[in-house]
Structure formats: structure tokens, C-alpha cells
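Comments concern the structure below.
Numbers here are sequence positions counted from 1. Reckoned from all heavy atoms, side chains included, excluding hydrogens, waters and symmetry mates.
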Amino acid sequence: QVQLAESGGGLVQAGGSLRLSCAASGRTFSMSAMGWFRQTPGKERDFVAAIRWNAGITYYADSVKGRFTISRDKAKNTVYLQMNSLKFEDTAVYYCAAQKALVGVQSERLYDYWGQGTQVTVSS
């Protein structure tokens, strides 16, 4: 089992920045990739970004390319999401997820472990 704990959410004005963190514990050696998803009320969870744990290869949704950066610190078993130039439409609950088998990163169904989520609110 892998446990994930997100932090760093909050309220920010449009154009501002936030950095989310996700600390993994437990059987972290089994992780092949970690990702960030976000969800607004009444909608499905959408892919935001992902990173292959060992190779460090990154993936982004078109809506956040050039504004968000995903990174990881293997020594700390932590993945980060640096969010710059935030927009009102970035408002959502952000979830961290971890995947055991590397089978693709953009579908939430491919992830095995999830954090509880952290709220990000961008005021316009």
C-alpha cells in the first residue's frame, strides 16, 4: 500500500502562484508514476500533470502547459506541482495519485492510490 498526503492548496488571486506537494509513504518502491488530477463539483476528475517516477519524464494537459510544472524529489518521496499564472478556471480540488504499473498516465482509472485532495481557489 502507498499512502499519499497533499498539501499547499489555498486561496490565490488570478495571476498568482501556488505550489502543491504530495508526500508518499509506505511501499513507495512500487510506484512507477505519479500524477495530479483536479475536480470541480459535478464534473469528472481531469488529468493535470504526471511524472514517471524513475525517468522523470513529464506529461501535461494542454490547459496547463507552460503554466504548471510537475517535479519530484525521490529522496523525499514527494511530488510537487508548481502552478503559475493561475486562472479562475484552475479552481478545483487537486488530487495526487500514484500508479504501480506504467500503463499510461492520463486516465484516472490507471492509478492505484489517491490522496484526499486539496482545495485550490483562484479569485478573479
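- Residue pairs meeting the salt bridge (Lys or Arg N to Asp or Glu O under 4.0 Å) criterion with at least one member in residues 47-75, sequence neighbours excluded, are D62-K65, R67-D90.
- Taking OG of S124 as the reference point, atom NZ of K87 lies at 13.5 Å (rounded to 0.5 Å).
- Closest of all the heavy-atom pairs between S85 and S17 is N-OG, 4.4 Å.
- The backbone N or O of A23 lies less than 3.5 Å from no partner atom in the side chain of T78, so there is not a single donor-acceptor pair.
- Shortest non-hydrogen contact noted between D112 and A101 is OD2-N, 4.3 Å.
- Cluster partners of L11, using a side-chain heavy-atom cutoff of under 4.5 Å among ILVMFWY residues and allowing indirect links: none.
- Taking the six-membered ring wherever Trp is involved, the centroid distance between the rings of F37 and Y95 does not fall below 6.0 Å.
- Looking only at side-chain heavy atoms (C-beta outward), R19 and S71 stay at 4.5 Å or farther from each other.
- Put simply, the side chain of Q99 gets close to the backbone of L110: a donor and an acceptor are under 3.5 Å apart.
- Residue I51 belongs to a hydrophobic cluster whose other members are V2, L4, V12, L18, L20, M31, M34, W36, V48, W53, Y60, V64, F68, I70, V79, L81, M83, L86, Y94, Y113, V120, V122, with links defined by side-chain heavy atoms closer than 4.5 Å.
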Would you please test T91 and R38 for side chain to side chain contact (heavy atoms under 4.5 Å, CB included) and show each step? CA-CA 9 Å; T91 296; R38 63 188 182 186; over 6 Å; no
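- For the side-chain contact (heavy atoms from CB on, under 4.5 Å) test, residues two or more places apart in sequence or in another chain that qualify with S25 are Q3.
- The side-chain contact (heavy atoms from CB on, under 4.5 Å) check on S7 picks up S21, with sequence neighbours excluded.
- When all heavy atoms of E6 and C96 are compared, the pair lying nearest together is OE2-N, 2.8 Å.
- Sequence neighbours left out, the pairs with a member in residues 99-108 that pass salt bridge (Lys or Arg N to Asp or Glu O under 4.0 Å) are R45-E108.
- When all heavy atoms of Y111 and A97 are compared, the pair lying nearest together is CD2-CB, 3.4 Å.
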